[in-house]
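Quick notes on the structure that follows.
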Amino acid sequence: MKREITYKEAIAEGLAITMRTDENVVILGEDLVGGVGKGDDSLLDAWGGPFTVTKGFVKEFGLERIFDTPISENAFIGASIGASMIGLRPVVELMYGDFMGVCFDNFLNQAAKQRYMFGGAQKNPITVRTTYGCGWREGAHHSHVNYSLITHIPGWYVVAPSTPYDMKGCLISAIRNDNPVFVFEHRLLYDKKGVVPEGDYELEIGKGDIKKEGKDITVVAIGGTVNMAINVASKLENENISVEVIDPIWLAPLDEELILKSVEKTGNLLVVDEDNPRCSVATDIITLVAEKGLDYIVSKIKRLNCPNTPVPFSPVLEDEYMITEKKIEEAIKSVLK
Amino acid sequence: MKLSKEKLSDMLEKMLLARAFDTPLDDLVFESKIPATVHQCIGQEGNIGTIFPLNKDDYIFTGHRSHGLLLAKGLDPKKMMAEIFGKSTGYNKGKGGSMHITAPEYGAMGSNGILGYVTVLVNGPSFYSKLKKLNRVSVAYFGEGASNQGFVHEGMNLAAIWKLPTIFVLENNHYAEATAVEYACSTQDLALRGKAYGIPSYNVDGSDILEVYTKMQEVVENARNNKGPSLLVIDCYRYKGHQIGEPGGYRTEEEIQNYRNTKDPIMKFKKYLIGLGYLTEDKYIELEKKAKKIIDDAIKFADESPYPEPSETYTEVYV
Ligand SMILES: Cc1ncc(C[n+]2csc(CCOP(=O)(O)OP(=O)(O)O)c2C)c(N)n1
């Protein structure tokens with residue numbers, strides 16, 4: 001029988017494997033251990049991370065490899081970028097993607113530009129893990145989906161896996177890669193199970209995946225919306241609509257060929273993206289097809305984003321805000337009609 | 001400083017109201033009446049002593065753990081509870097939630113989910129007040145965990161060089177989530193963080209609301225008299241988890257019990273008032289019941305209020 005683990009466990013396995021195989025991999029973040037600094041070892045590992053991803057890590061790796069940090073994102077991410085310049089491979093956890101605002105220069109001007117600006121003399125093999133996704137009823141400062149902001153910046157690799165298998169393999173590749181990589185982990189996927197091999201494996205950076213084959217329409221879905229798109233595709237089979245679901249997995253670099261080939265086959269395109277619409281990854285993919293694949297399109301190109309608003313708190317409003325299977329189904333039908 | 005019996009009584013009632021507000025939230029979260037987890041300030045009620053020297057039109061900027069402070073500033077528990085429920089009758093029409101309650105008509109300028117940011121925002125109203133000679137003060141509340149954000153240091157320096165009527169209130173409840181102050185802060189004398197910027201800075205005991213009140217009164221006065229900003233570091237303790245549902249484990253049960261038994265701000269104040277002859281056991285029980293009734297009514301109001309219309313999602317992005 002094939003082993004199934006959760007997305008969250010897949011993250012933990014990927015982290016642990018890279019830490020075991022390379023002593024230069026260290027992890028830093030807020031409350032990754034919990035209970036530190038009281039001089040009482042029985043309190044250690046109290047949390048194992050705000051979402052318990054690193055539970056038990058301190059036992060295996062000790063406080064020399066897993067660092068709880070003060071609430072100073074600028075300082076610990078900056079230090080990690082600095083350490084990466086001389087050989088460390090830090091993996092930092094930014095608790096919520098929303099918090100990138102307090103430490104944005106690390107991402108905008110530093111890790112992203114050093115390689116280029118110093119004429120190849122420096123590199124920053126840092127991995128930033130962050131959570132994203134609305135649906136937790138946590139309001140505007142804890143729900144924003146903003147991977148497009150990082151994707152916009154040359155110099156970053158960006159990955160937003162949708163399955164435990166992709167998560168583990170991409171995380172391992174990310175940590176071992178010499179470029180800065182931003183890993184977006186969807187919180188609503190944390191408990192989702194999938195088949196994952198036990199051992200060490202890497203997935204190719206920049207390679208997307210066809211999650212479901214079809215011939216009438218290409219649906220490019222990202223991160224948290226991939227499973228929804230697959231469910232809708234299965235449902236529409238009964239209505240004789242054949243949907244091909246493409247998961248780019250990596251937002252940078254983007255698997256352009258995979259998307260274009262699929263559009264060539266189906267002739268129709270819907271892009272589903274949980275980020276806000278303006279200057280989004282969806283916009284980018286639509287542009288790709290408009291520039292390089294317009295001849296393939298037989299009817300329409302459409303994108304489905306969350307609205308151009310912050311994330312509201314009230315469940316009624318957040319439900320309205322979020323991408324749903326129903327919205328995906330309607331969007332598919334509006335393209336094909 | 002001599003305080004009237006009425007004023008002292010009002011302080012006790014506000015402390016009881018704060019505790020009565022946060023106490024039923026566990027059940028309401030578990031019953032999903034409240035759609036998400038919230039942060040309670042049970043154990044930290046002494047900190048609301050900072051509110052009493054303020055006028056209604058003085059400004060406060062608060063964080064994720066702010067229900068008690070907001071109630072003391074005069075906000076309506078009904079509209080606060082409705083906001084936490086995500087109902088249209090809430091202060092922000094259900095768009096904000098527990099972490100983002102705002103009521104500018106009470107000088108409550110908005111609770112913030114981004115730690116430390118209030119310490120730069122706070123200088124805006126104090127800058128304006130100074131410019132227009134309004135004689136208002138502006139107060140930022142933040143935890144010891146948030147005090148490790150760069151914002152805090154920039155905010156203090158700016159307030160100091162421009163001599164702004166800003167008051168920084170650092171609520172040191174010893175833990176930022178699962179991380180202890182002993183680990184995260186380079187000094188345990190957090191008042192040094194203000195002194196480094198030339199700001200008069202004081203450590204006060206949050207289990208004694210009168211000590212908190214008295215020092216706040218003094219620094220508010222200084223701010224109004226153009227003497228610039230101050231920092232108040234309140235030593236306090238939260239009894240509950242960081243948020244409802246958190247796993248705990250980063251501190252001992254004895255430690256929590258010890259605080260509850262020896263440093264509870266409400267118990268200490270009650271004892272003090274009984275000693276003065278201003279309060280009896282019976283009167284205390286009556287006040288506790290009164291607070292509970294107000295909160296029961298607030299919960300009923302929130303529960304019976306309608307949710308916002310879905311179309312509200314798209315409004316108010318711009319003016
Ligand atoms: C910039 C930022 N980083 C991290 C968080 C997540 N977070 C929310 S509350 C909290 C602990 C805050 O501790 P403290 O400032 O001491 O306030 P307390 O919760 O103890 O009242 C953390 C880490 C956040 N909201 N914002």
Residue from Val36(A), Ile71(A), Asn74(A) scoring the most non-hydrogen pairs under 4.5 Å with chain B is Ile71(A)
Assess the residue pair Phe99(A) and Ile114(B) against the criterion (side-chain contact (heavy atoms from CB on, under 4.5 Å)); give the C-alpha distance rounded to whole Å, side-chain angles, the decisive distance to 0.1 Å, and a yes or no.
CA-CA 7 Å; Phe99(A) 306 159; Ile114(B) 304 299; 3.7 Å; yes
Pair count under 4.5 Å, heavy atoms only, with chain B: among Ser72(A), Gly101(A), Gly139(A), highest is Ser72(A)
Taken to the nearest 0.5 Å, the spacing of Tyr321(A) OH from Tyr314(B) OH works out to 10.0 Å
So CG of Asp45(A) and OH of Tyr250(B): to nearest 0.5 Å the spacing works out to 14.5 Å
Pair count under 4.5 Å, heavy atoms only, with chain B: among Glu320(A), His142(A), Glu318(A), highest is Glu320(A)
Comparing Gly37(A), Ser42(A), Ala140(A), Ser314(A) against chain B, the one with the most heavy-atom pairs below 4.5 Å turns out to be Ser314(A)
For Thr179(B) and Asp68(A), the nearest pair of non-hydrogen atoms, with its separation, is OG1-OD2, 4.2 Å
Per-residue tally against chain A (heavy atom, under 4.5 Å) across Gly94(B), Ser88(B), Gly150(B) peaks at Gly94(B)
Between the CG atom in Asp40(A) and the OG1 atom in Thr252(B), the distance rounded to the nearest 0.5 Å is 7.5 Å
Scanning both residues in full, the closest heavy-atom pair of Met99(B) with Glu138(A) reads CE-O, 3.6 Å
TODO: Return yes when atom NZ of Lys300(B) has more than 12 non-hydrogen atoms of other residues, nucleotides or ligands closer than 6.0 Å, and no otherwise.
DONE: no
Closest heavy-atom pair, Pro35(B) versus Phe313(A), reported as atoms and distance to 0.1 Å, is CG-CZ, 3.6 Å
To the nearest 0.5 Å, atom CG of Asp31(A) lies from atom NE2 of His242(B) at 8.0 Å
Interatomic distance, CD@Glu30(A) vs CG@Leu115(B), rounded to 0.5 Å, equals 7.5 Å
Could you tell me whether Glu255(B) and Lys38(A) make a salt bridge, using a distance below 4.0 angstrom between a side-chain N and a carboxylate O?
-> yes
Of all heavy-atom pairs linking Leu43(A) and Gly249(B), the shortest is CD2-O, 3.4 Å
If one checks every heavy atom of Asp319(A) against chain B at 4.5 Å, the contacting part turns out to be neither
Rounding to 0.5 Å, atoms CD (Gln149(B)) and CD (Glu73(A)) come to a distance of 5.0 Å
Of all heavy-atom pairs linking Ala36(B) and Arg137(A), the shortest is CB-O, 2.7 Å
Checked Ser147(B), Ala184(B), Pro310(B) vs chain A; the most non-hydrogen pairs under 4.5 Å come from Pro310(B)
Looking only at Gly248(B), Ser311(B), Gly143(B), Ser98(B), most heavy-atom pairs under 4.5 Å shared with chain A are made by Gly248(B)
Minimal heavy-atom distance between Leu317(A) and Glu312(B), with the atoms involved, is CD2-CB, 3.8 Å
Problem - Met95(A) vs Glu177(B) side-chain heavy atoms within contact, under 4.5 Å - result: yes
